[in-house]
Amino acid sequence: MRIATDIGGTFTDIVTIDEKGQISVNKSNTTPPNFEKGVIDVIKKAQVPAGEVVHFVHGTTVVINALTEKKGAKTALLTTKGFRDIYEIARGNRPDLFNLRFEKSQPFVPRYLRREVEERMDYMGGVVTPLNEADVAKWVEYFKKEGVEAVAVVYLHSYRNEAHERQTVELIKKLWPEVFVTASYEVTREWREYERTSTTVLNSYIKPVASTYVDKLGGELEAIGIGCPKYIMQSNGGTTTFAQAKETPINMVESGPVAGIFGAAMLGRMLGEEKVIGFDIGGTTAKCSLVDGGEVKVTTEYKIDKTAITAGHPIKVPVVDIVEIGNGGGSIAWIDEGKSLRVGPRSAGAFPGPVAYGLGGDAPTTTDANLVVGRLSPKNFERPVDMDKVRGAIKNVVADPFEISVEEGALGIIRIANSNMLNALKLISVRKGYDPREFTLVAFGGGGPMHAAFLARELGIKKVIIPIAAPVFSAWGMLMSDLRQDDVKTFQLSFEHDIFDDLNAEWEALEAKAYEDYAEKGISKDKVRFIRNLDMRYHGQEHTVKIVQDFERMNAANAEEIKAKFHAAHEKEFSFKLEDSGVEIVNLHLVTYGQTEKVAIRELPDETRPDSEIIKETRDVLFEGAGRLATPIYAMEKLYKGVKITGPAIIEEVSSSTIIYPGMDATMDKYGNIVINTEV
């Protein structure tokens, strides 16, 4: 048996696949701050036979929680003499040029813990000033007295030559073995001093928290008899070992959310859909990402704490290009100072949760609104639902202030939540030059199936896929993922010169190192696959466009092909191209996959059932623009391959409901996915 667990803001999910391809799913409450307890709880709840587990994958929110809640370690920074304040000076970027409320983000390391060391490399990696080890020793003693728990080491131009950083780390570990240390070359070999410093500092900041968590989880799993190889989901859409995750935990910053996006890409390939939009609605957030040509888009421009008035903190490691908003099933409805109704980003979470949970929550949420309009059934909640309390909460907060009925208030909450989600979908499609009508929407999470059909219709998307195990689909995505390693290295070359020998030699060196890394993880050479990416730009430009080099060695002939691809990609990204301008390579980005064994998903048998068996009941459901309609409620577990359902209809399972609007129809494919046709 292969299992995957995923910690969300509200629930911890599990997916299991046995050797016959049979999928089982389950959920339990997330248990902050002891998140590993929720993982063990859901494994026990799913009655997983520990001795039969041969592969374990985990997605976690521990890293992003520690960063956003500022609950990491007391961290210090060692840097090159004269560059102590780069981290605080940061960038002058404003999210909005005319925003007079702009505030600089506060650094994670205060100035008194940022200290300088005498050393210097030039921009080509040559030694200008040797490392002064006495400076390092002096600051180690100072950091000890200040109660520092983690140290970041960032020297100028170490992306070209890490010798001084390596020497410094060795000395710190010798003088102070118990402290957590990160050198910049361990997390990023890409230029831009501020971004590199920020990334290294954040890795050090969360390293003690992440190491403790991974050790505790590993110990708990061993204690219940799960002794198989264990992996953790990374932000780049691949997995890594528990040991590596403890060294570079910053690569787990979006560990959970990206798994669902990767799963959407994999499902798209299975079904012959190369253009998909992955859309995940959980209890706290909604997340979406666009997949074009079957490949998940990865960026190194990720930031945390970026808001309308702050620039945020950059993290220059590969992260799936994802848009996340604070709207989910637990998002709270409230009225702002301008007397407008808002939904989210505040969430009721797992405790006390929506009013319907009966755990003390009194603020109406999207889940409560869906109950009132009939899209969710009180029968599917763990505890008896007090509908009077649910309706009363919406009446007090929404209906009475606007002098409308409770039903209209509930529908208003749903409309605003849909509007927020629609904006997120536009950000990753229309705003980036893609026509959403050319894509298929893959919707998952507890709330994805409920909102997907309406959003697809608004965007002109013709097909929606609700995958099997939709409520826990992110965990399913983990079981479909391979080990992945991203090596990004600044290696500036101009096409105006003879660059081919240098470029080919550098690719060979990067690949040789990747083979060594995977050999240590037990992955044989024949299981390793490479994708070569070039970050390219016009001379004098600031930012780059990523181009795939899909041939072994570059020469004068295929260099012209690469330049043509760059011009086309630049025009798509920025709406113009400069074919007469010089072109240069800035970074080499080698993606290395270590392929793991996977179990094929079992196809459904050929069978049919009468409507009387698959329809649970008929109830009145309130639809936008159509009023209350008598709506058949189908049992998800009773549906069969090829069944066709005409809207209005709801396909119900314990953890989710799929809404099919009037004028739409849906079928179940051979794997158990629901395919909704929005244009009948």
Side-chain angles (χ1 to χ4, degrees), residues 7-11 13 27 29-30 32 61 64-65 68-69 256-257 260 279-288 307-308 322-338 340-373 375-376 381 385 389-399 401-402 406 408-427 443-452 454-455 458 470-471 474 624 655-657 659:
I7 297 176
T10 308
F11 295 108
D13 304 334
K27 282 177 176 282
N29 287 333
T30 294
T61 54
I64 191 65
N65 288 347
T68 55
E69 296 170 12
F279 189 44
D280 177 8
I281 305 176
T284 306
T285 59
K287 300 163 280 282
C288 54
T307 69
I322 195 168
V323 170
E324 184 169 352
I325 61 169
N327 255 211
S331 292
I332 292 171
W334 54 287
I335 296 176
D336 65 15
E337 294 174 356
S340 295
L341 180 61
R342 305 280 292 275
V343 178
R346 291 179 291 179
S347 174
F351 187 87
V355 179
Y357 283 15
L359 297 174
D362 57 5
T365 65
T366 310
T367 294
D368 297 313
N370 277 302
L371 260 171
V372 168
V373 300
R375 300 180 189 186
L376 290 176
F381 287 73
V385 176
K389 273 191 176 180
V390 173
R391 293 175 64 87
I394 294 175
K395 181 178 185 296
N396 294 336
V397 175
V398 182
F402 289 103
V406 171
E408 288 174 317
L411 199 57
I413 293 172
I414 294 168
R415 280 174 169 158
I416 289 172
N418 280 338
S419 177
N420 293 337
M421 295 169 191
L422 191 63
N423 286 336
L425 289 168
K426 287 178 179 177
L427 282 174
F444 48 95
M450 197 150 31
H451 296 267
F454 176 86
L455 296 170
E458 291 292 299
S474 287
E624 298 92 327
S655 302
S656 184
S657 291
I659 311 298

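Just so it is clear, the model here is predicted, and its values are computed rather than measured. Each residue takes its place number in the sequence, starting with 1.
Screening residues 413-425 for side-chain hydrogen bond (donor to acceptor under 3.5 Å, both in side chains), with sequence neighbours left out, gives N327-N420, N418-H451. Counting only residues at least two apart or on different chains, the side-chain hydrogen bond (donor to acceptor under 3.5 Å, both in side chains) pairs with a member in residues 360-372 are T365-D368.
With values rounded to the nearest 0.5 angstrom, T30 atom OG1 is found 7.5 Å from D13 atom CG. I414 CD1 to E624 CD: the interatomic distance, rounded to the nearest 0.5 Å, is 6.5 Å. One distance of note links SG of C288 with CD1 of I325; it measures 7.5 Å at 0.5 Å rounding. Distance CG/N29 to CG/L359: 8.0 Å, rounded to 0.5 Å. Between atom CG of residue L425 and atom CG of residue L455 there is a gap of 6.0 Å, rounded to the nearest 0.5 Å. Between I416 atom CD1 and M421 atom CE the span is 12.0 Å, to the nearest 0.5 Å.
For I281 against G328, the heavy-atom pair with the smallest separation is CG2-CA, 4.0 Å. Closest approach of I335 and P401 over heavy atoms only: CD1-CB, 3.7 Å. Nearest heavy atoms, L411 versus V373: N-CG1, 4.1 Å. Here the closest heavy-atom approach between residue P449 and residue S656 is recorded as CG-OG, 3.4 Å. For P364 against V397, the heavy-atom pair with the smallest separation is CD-CG2, 3.6 Å. The two residues I7 and T61 have their closest heavy-atom pair at O-CG2, 3.2 Å.
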Below 3.5 Å, can you tabulate the donor-acceptor pairs from side chains in residues 340-349 to any protein atom, sequence neighbours excluded?
residue: R342; atom: NH1; partner: D336; partner atom: OD2; Å: 3.2
residue: S347; atom: OG; partner: G349; partner atom: N; Å: 3.0

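In terms of modelled atom types and a separation under 3.5 Å, the side chain of K27 and the main chain of P471 share a donor-acceptor contact.
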Test log, rule side chain to side chain contact (heavy atoms under 4.5 Å, CB included), inputs F454 and I659
CA-CA 9 Å; F454 176 86; I659 311 298; over 6 Å; no

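No side-chain heavy atom of Y357 sits less than 4.5 Å from a side-chain heavy atom of P352.
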